[in-house]
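Here the structure is laid out as structure tokens; the discussion comes afterwards.
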There are 2 protein chains.
Amino acid sequence: MAKLTLDEIGRLAGVSRATVSRVVNNYPHIRPEIRERVQKVIAEHGFYPNAVARSLALNATHIIGLFVPNVVRFIFADPYLSALIPEISRACNAHDYTPALFLFHSQDDEQKQFQRILHASMVDGLIVTADRRDKEFMPQLIDRRLPFVLLGRPSKFSDRISYVDSDNRGGAYMATQHLLKLGHRRIAIITNSLNTAADDRTEGYRQALTEAGLTFQPELLAEGDFTELSGFAAMQRLIPHRPDAVFVVSDTMSVGALRALNNAGINVPRDMALVSFDDLPVAATTTPALTTVRQPLGNGALAVATLLDIIKSGDKAPRHIIAPTELIVRASCGAVQSGLT
Amino acid sequence: MAKLTLDEIGRLAGVSRATVSRVVNNYPHIRPEIRERVQKVIAEHGFYPNAVARSLALNATHIIGLFVPNVVRFIFADPYLSALIPEISRACNAHDYTPALFLFHSQDDEQKQFQRILHASMVDGLIVTADRRDKEFMPQLIDRRLPFVLLGRPSKFSDRISYVDSDNRGGAYMATQHLLKLGHRRIAIITNSLNTAADDRTEGYRQALTEAGLTFQPELLAEGDFTELSGFAAMQRLIPHRPDAVFVVSDTMSVGALRALNNAGINVPRDMALVSFDDLPVAATTTPALTTVRQPLGNGALAVATLLDIIKSGDKAPRHIIAPTELIVRASCGAVQSGLT
DNA sequence: AGCGCCTTTGAGAGCGCTCTCAAAACAAAA
DNA sequence: TTTTGTTTTGAGAGCGCTCTCAAAGGCGCT
């Protein structure tokens with residue numbers, strides 16, 4: 001099958017290239033008879049317009065980039081990304097956009113390509129995952145006037161950029177309150193102060209404590225880094241301080257924490273209540289299953305919708321979307337008895 | 001910053017567009033003095049060539065597509081994909097290509113876009129994950145002369161298409177032999193006959209049994225579908241038949257199988273040896289940790305390399321890459337004692 | 001100086017599409 | 001029939017790049 005062009009189809013249908021273009025793009029003001037003739041030729045020969053040429057003419061590629069500055073070493077272990085990517089793909093499909101991946105594993109990788117992505121106009125917009133190093137990218141991104149949406153709360157410039165974030169603070173508040181309602185008073189937390197999302201969760205935890213008339217106890221806070229191992233270690237450090245409950249800001253770390261408790265012969269939820277965050281698939285399969293905070297709407301899909309809105313409307317006014325959370329009560333908090341699989 | 005073009009840079013440097021193009025693309029036959037002058041102007045104004053225009057002129061986009069026909073419902077649960085995507089991204093980065101994602105969640109999704117991907121020439125090539133429905137795509141793909149590489153063994157047309165596959169059969173043979181060497185004779189298998197990779201693994205298992213003078217026992221084979229839950233159920237069905245060892249063709253199912261054994265009060269490895277396949281991160285964290293078959297080289301990276309070779313060389317002769325496997329011995333087979341974390 | 005040869009540069013076509021603008025076709029009104 | 005107005009169509013420029021081809025420039029030779 002020779003490569004077909006508008007001209008070629010036009011020749012076959014006895015009309016001009018412009019007319020074929022109109023038919024393909026469903027423009028009005030075409031005689032039905034001509035339209036049909038052209039459509040027949042197209043159907044017969046299987047014409048598909050060349051996406052690149054179209055992009056050049058329209059100055060728009062219908063490609064959006066997913067830019068992840070700092071891919072964790074063992075990405076396999078990053079359930080956030082694994083969930084995000086298909087979600088974004090799906091949202092793009094629904095809107096006839098194509099997602100392109102820009103995952104960077106090293107700063108070298110990244111520096112080399114960031115400028116190109118920014119200026120080569122091969123993407124119509126960018127979804128950027130938040131990162132400690134926001135500050136480096138944001139100014140350039142803002143400057144370049146390339147539409148983009150940040151996934152997560154920016155550490156800076158929040159009033160000048162669009163972002164989609166979960167209600168981390170609210171979710172953590174809910175989680176902590178749940179433990180308080182169950183009668184716990186020495187509530188520990190395993191968090192990760194290097195991460196803004198985790199930080200917001202700590203904030204919600206503190207707020208709930210304060211409102212309950214309790215004071216925050218520094219020795220009941222342990223740091224992790226979102227890995228299971230770090231959750232394990234953090235829990236081990238907390239055990240000597242005898243908390244009666246623990247709020248772990250991510251399911252991954254909860255898995256490690258459970259293991260530490262198990263090793264120490266501490267039964268969850270009998271001896272220690274645990275509430276987690278994220279509701280990853282693993283949360284339902286641990287023993288006991290995790291009571292955890294879920295965000296029902298996919299942030300990835302929201303980000304895509306927001307980005308496309310910016311692109312299509314041309315209105316760059318920053319949009320701030322905070323996705324709500326809900327508490328999924330399972331066994332680990334002790335509010336229910338059974339340890340279902 | 002106004003949008004810069006070759007013409008603009010040329011004007012600023014007092015040369016023609018063609019000369020600037022030559023400088024940008026590092027062509028020989030340019031007077032050093034001119035080259036420097038142009039480079040200076042480019043550096044000063046921060047020029048980046050427009051990728052789309054270049055693609056049109058070169059009839060090549062430097063984008064390759066990752067085409068996944070049948071994304072499992074809960075993709076979060078698909079460790080294969082989660083590992084694959086960053087791997088491919090990385091390999092693309094290294095070769096200055098951009099990966100585009102075509103993940104399809106429904107046949108509708110898919111049908112709508114497959115033709116477009118195929119004909120719109122927005123990608124230079126495709127990496128396609130193998131699937132039961134190979135047959136539908138392969139002929140069109142072959143026909144279209146779009147370079148592509150299949151990840152996994154094709155169920156058909158193997159002599160006409162390029163593919164990268166793990167040595168599933170060899171790995172399974174090794175795993176089974178390991179169990180045989182440990183003295184086990186009633187070796188069960190949990191597999192998934194709907195999947196070619198799992199099928200190849202079953203094949204290797206049978207071969208090892210046969211070579212050891214044992215005959216394959218149908219009641220010792222249970223079907224799963226790669227989910228943890230199906231592994232759990234499959235193991236429950238096997239237990240009554242009293243195997244003394246089990247080969248599970250994927251780590252995910254092994255996790256479920258372990259849970260079933262645990263529930264039944266059967267200790268692994270004391271009462272039952274288990275060998276798995278994949279060496280996903282989870283394999284190291286189960287209790288006991290899984291003895292499992294790993295493929296050391298990333299198939300994703302191999303696929304990218306192969307695809308780019310096809311694209312760049314223009315030689316479409318089918319390439320068949322079989323990636324070797326190795327056995328990672330941990331606790332679940334009983335060959336070592338300790339149940340390390 | 002005149003000639004031929006090699007290197008360096010620019011003009012211009014071409015990639016396949018969109019979109020403006022003016023011409024052509026048609027319909028309705030005079 | 002002519003005129004006016006509306007709809008439909010085509011010609012052609014433009015998107016920003018590459019690449020061919022021919023012209024210009026530089027060089028050494030006779």
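In what follows, chains are A, B, ... by sequence order, proteins preceding strands, each numbered from 1.
By the side chain to side chain donor-acceptor pair (under 3.5 Å) test, Gln107(B) is found to be paired with Arg133(B), residues two or more places apart in sequence or in another chain being considered. Listed by chain and residue number, Asp124(B) satisfy the side chain to side chain donor-acceptor pair (under 3.5 Å) test with Thr61(B) (two or more places apart in sequence, or in another chain). For Asn25(A), the side chain to side chain contact (heavy atoms under 4.5 Å, CB included) partners two or more places apart in sequence, or in a different chain, are Ser21(A), Tyr27(A), Arg54(A). Applying the side chain to side chain donor-acceptor pair (under 3.5 Å) test to Gln115(B) and every residue at least two apart in sequence or in another chain returns Gln140(B). For Asn59(B), there are no side chain to side chain donor-acceptor pair (under 3.5 Å) partners at least two apart in sequence or on another chain. The side chain to side chain contact (heavy atoms under 4.5 Å, CB included) test applied to Asp7(B) returns Thr5(B), Arg17(B), not counting sequence neighbours.
Both Thr5(A) and Arg22(A) sit near DNA chain C, but only Thr5(A) has its closest nucleotide nearer the 5' end.
Side-chain contact between Met138(A) and Val128(A) is present, with at least one heavy-atom pair separated by less than 4.5 Å.
Each end of the helix from dA1(C)-dT30(D) to dA30(C)-dT1(D) gets its own axis, taken as the rotation carrying the C1' atoms of four end pairs onto the next four within a five-pair window, and the two axes meet at 60° to the nearest 10 degrees.
On the nucleic acid side, DNA chain D contacts chain A at distances under 4.0 Å to non-hydrogen atoms, with the end points of that region at dT8(D) to dG16(D).
For the pair Thr306(B) (side chain) and Leu302(B) (backbone), a donor-acceptor distance under 3.5 Å is present. Not one N or O on the side chain of His105(B) forms a donor-acceptor pair closer than 3.5 Å with the backbone of Ser89(A).
Contacts of Asp7(A) with the nucleic acid, taken as non-hydrogen atoms under 4.0 Å apart, are absent. Contact annotation for Leu6(A): base contact, defined as any heavy-atom pair under 4.0 Å involving a base atom. Within 4.0 Å (heavy atoms only), Leu56(B) reaches at least one base atom of the nucleic acid. Using a 4.0 Å heavy-atom distance criterion, Asn59(A) is classed as making no nucleic acid contact.
Identified under the salt bridge (charged side-chain N to carboxylate O under 4.0 Å, His left out) test for residues 28-38 of chain A, with sequence neighbours left out: Arg31(A)-Glu33(A). Each salt bridge (charged side-chain N to carboxylate O under 4.0 Å, His left out) pair with one or both residues in residues 299-312 of chain A, not counting sequence neighbours, appears once here: Asp309(A)-Arg319(A).
Looking at residues 11-18 of chain A, you'll see Arg17(A), Ala18(A) sit with a heavy atom under 4.0 Å from some atom of DNA chain C. Contact check of residues 28-36 of chain B against DNA chain D (heavy atom, cut-off under 4.0 Å) returns no residues at all.
Exactly one of Phe102(A), Phe137(A), Phe148(A) qualifies for a ring-ring contact (aromatic ring centres under 6.0 Å, His included) with Phe67(A). That residue is Phe137(A).
Aromatic ring centroids of Phe104(A) and Phe114(A) lie 6.0 Å or more apart.
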